[in-house]
Structure formats: C-alpha cells, structure tokens
Amino acid sequence: MSFGVEAGETFGIIGPNGAGKTTLLNAISRVIRPMSGKVSLEGNDLAKLAPHEVRRIGLSRTFQGADYFLELTIREFLLLGLLPDMKLSSFASSLGLRAARRRDTKARESVDSVLEQHEMLDVAALRLHEVPYGVRKLLDVLRATMLQPKVLLLDEPTSGTSSAERERIADLIRELGSQMTGAIVIVDHDIAFIGDVCERGIAMSAGGLLAEGTLAELLSEQAVIEAYMGS
Ligand SMILES: Nc1ncnc2c1ncn2[C@@H]1O[C@H](COP(=O)(O)OP(=O)(O)OP(=O)(O)O)[C@@H](O)[C@H]1O
Ligand SMILES: [Mg+2]
C-alpha cells in the first residue's frame, strides 16, 4: 500500500468490508504501530512518534462508531478536541491559576463559537446519549477539527445516518474542505457520498491498493469491480 495526499485535497478511500481501511487509518494515526513502512507528514515519520505527538503535529481523526464518551455533554465533547493544545497541566488548573482560568475561558469560547456557527448552542448541555446517532457523527467531525488539523481522517462519517443527516455531514465536509489548508481523508461505504465530496482517492482490498484516481476511474477498474462483485 502506498499513496499520497496533497494539502487542500479531500481524498476518498473505498473498498469492501474487511479491506483494511480502518487498519490503514489506525496505522497512519498511530492507534497501532506499523511493523514496517513509513507514514510521512511534512517530513515527520508518524510511525516513529507516540500517538499524542501525532495529534500535536496536526493529525486528527474520527472513529467508525460514534459511541464513545456518551456521558459527556456536547460542549465537553468538543472541548476534548482542544486537549492536545492545552499546554498548562491539570495541576495548574486544580490550583485555579489565573493563566489556567484564562485558558479554560478561551477554550470554552472557541467551542461555543463553533456550536453557534452550526446552530447547536442551545443544545450544548445535552449529553451525547441524548442526541441522535447522526448528530453524534457530525459532532465527532467537529471535535476532530477544533485545532485546524493538517490532516483530518474520517472513518465512515455517514455510516448509520439518515439521508438528511448524511446531507448535513456532506455540507460540513464541503465547508471544511473550502476552509481548511490541510487535507481531508475519508473512508466510506457510500460511494455516491465519496463521489460528492472527494476529488480523487484510492480503492483497496485485502490490505492492498487496487487503483488510484477519480471515483469514475476507480469504478471502471476491473480489479475494483471484482473486489466488490466477484469475478
Ligand atoms: N494488525 C493486524 N494484523 C493482521 N490483521 C489485522 C490487523 N488489524 C486488523 N486486521 C484484520 O484486517 C482485516 C481488515 O479490517 P479493517 O477493520 O481494517 O477493514 P475495513 O476495511 O475497515 O472494514 P469495514 O468496511 O467493515 O469497516 C480484518 O479482517 C481484521 O481482522
Ligand atoms: Mg472499517
């Protein structure tokens, strides 16, 4: 497997169940450590860094199922997205130091401004288990973009969502794509959705690369058709 993504690009990854898409994102984001190979972001080899260092140099991601931290409120969940950048220790916070208080106020303000932009300020105090699955998926994308990442990895942002929720997530990704200077990499089973939001991408199967190009190019490759449909 080898491929590259440019800054400013929205890049899709397709492939049948078990193709290794999540494993690939896990290796890139250092959830697992690759046994060999290189994952490079602006010259840094991510495979050699600790997971928190990978976050700090600008890689952020969502996970396939939006079913974690369900007891957190929406506001607390988005605050999580700012954690890699919080330089003062929780010890400083516990002492109530002025710098820590100022930092916390600033963090809360930037979360509230994101919630306001997306018309969710009035529900900020709801807990995640109280909101629909599709809204949790959208919130997970927002959490992962709180620090303007250089690379945003999204693992199936639309799985399990209704068509209205999917449209809302597609709009958000297009909006992020036009604002972000970094790259967005999206794994999804919904090929129409990938075609909607991505300029190009790759198809994979059995842990390897089948084809690279625009969605139309991917879908015209015999190997891609066979991976989905059998020969
Ligand atoms: N470290 C590993 N070594 C060997 N095999 C692994 C490893 N991690 C995952 N696998 C296997 O690789 C396969 C691909 O899994 P993965 O979850 O990455 O697929 P996927 O393309 O994301 O599938 P889905 O579309 O269902 O989410 C699975 O059979 C999984 O058990
Ligand atoms: Mg997967």
Side-chain angles (χ1 to χ4, degrees), residues 1-5 9-41 45-55 59-70 128 133-134 136-145 149 151-163 165-166 169-170 172-173 183-198 200-215 217-219 221-231:
M1 163 63 67
S2 177
F3 69 102
V5 181
E9 210 175 16
T10 303
F11 190 91
I13 300 178
I14 63 169
N17 286 115
K21 304 179 297 295
T22 296
T23 305
L24 178 65
L25 296 195
N26 286 348
I28 295 170
S29 58
R30 269 293 281 108
V31 169
I32 57 173
R33 189 193 283 279
M35 294 171 80
S36 61
K38 200 169 165 190
V39 183
S40 169
L41 172 58
D45 187 355
L46 302 188
K48 294 207 175 99
L49 299 179
H52 70 279
E53 293 169 327
V54 168
R55 305 295 167 280
L59 185 133
S60 189
R61 68 168 294 178
T62 65
F63 293 85
Q64 196 162 340
D67 45 13
Y68 35 89
F69 301 125
L70 297 181
L128 289 190
Y133 186 74
R136 293 213 294 272
K137 300 280 281 188
L138 183 98
L139 286 165
D140 205 14
V141 177
L142 289 177
R143 172 197 57 75
T145 52
V151 180
L152 173 65
L153 306 175
L154 305 177
D155 196 356
E156 304 211 10
T158 72
S159 66
T161 61
S162 69
S163 59
E165 289 165 344
R166 183 160 58 239
I169 291 167
L172 172 62
I173 291 172
I184 307 176
V185 178
I186 308 173
V187 165
D188 214 282
H189 273 289
D190 186 335
I191 289 181
F193 169 78
I194 290 285
D196 248 10
V197 296
C198 301
R200 62 182 197 104
I202 55 171
M204 61 182 295
S205 170
L209 184 68
L210 291 180
E212 180 162 7
T214 63
L215 184 68
E217 284 164 352
L218 298 182
L219 296 181
E221 280 286 332
Q222 192 60 26
V224 176
I225 297 168
E226 279 177 20
Y228 277 96
M229 316 286 271
S231 49

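In each ligand, atom 1 is the first atom listed, and ligand 1 is the first ligand listed. Please read all numbers here as calculations on a predicted model, not as lab measurements.
- Nearest protein neighbour of atom 10 (N) of ligand 1, counting heavy atoms only, is T23 OG1, 4.1 Å.
- Closest non-hydrogen pair, L218 versus A203, comes out as CD2-N, 3.9 Å.
- The single protein non-hydrogen atom nearest to atom 17 (O) of ligand 1 is T22 CB, 3.8 Å, given as residue, atom name and distance.
- Distance alone, capped at 3.5 Å, places no donor-acceptor pair between the K21 side chain and the I13 backbone.
- A distance-only check finds no donor-acceptor pair linking the side chain of R61 to the backbone of D155 [under 3.5 Å].
- Close approach of ligand 1 to Q64 (heavy-atom distance below 4.0 Å) involves ligand atoms 27 (O).
- Atom 14 (C) of ligand 1 has its closest protein heavy atom at G18 O, 3.2 Å.
- Under the 3.5 Å distance criterion, the side-chain polar atoms of T161 are left unmatched by any main-chain donor or acceptor of G134.
- For residue T23, no N/O/S atom approaches the Mg ion (ligand 2) to within less than 2.8 Å.
- Nearest protein heavy-atom contact of atom 26 (O) of ligand 1 is N17 ND2, 2.9 Å.
- Formation of a donor-acceptor pair under 3.5 Å by the K137 side chain with backbone atoms of Q64 is found in this model.
- With a cut-off of 2.8 Å, the Mg ion (ligand 2) has no N, O or S atom of N17 in range.
- Heavy-atom contacts from other residues, nucleotides or ligands closer than 6.0 Å to OH of Y133 number more than 12.
- Ring geometry for F63 against Y68 counts as perpendicular: the plane angle is over 60°, on a 0 to 90° scale with 30° as the lower cut.
- Nearest protein neighbour of atom 1 (N) of ligand 1, counting heavy atoms only, is I32 CD1, 4.7 Å.
- Contact check on E217 versus R200 returns no salt bridge, with no Lys/Arg side-chain nitrogen under 4.0 Å from an Asp/Glu carboxylate oxygen.
- Contact annotation for atom 6 (C) of ligand 1: protein absent (non-hydrogen atoms, distance under 4.0 Å).
- For atom 19 (O) of ligand 1, the closest non-hydrogen atom of the protein is G20 N, 3.2 Å.
- Geometrically, ligand 1 and G15 share no nitrogen or oxygen pair separated by less than 3.5 Å.
- Protein heavy atoms are absent from the space less than 4.0 angstrom from atom 29 (O) of ligand 1.
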Step-by-step salt bridge (charged side-chain N to carboxylate O under 4.0 Å, His left out) determination, R143 to D140 | CA-CA 5 Å; R143 172 197 57 75; D140 205 14; 2.8 Å; yes
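- Close approach of ligand 1 to E156 is summarised as follows: ligand atoms under 4.0 Å from at least one heavy atom of the residue are 25 (O), 27 (O).
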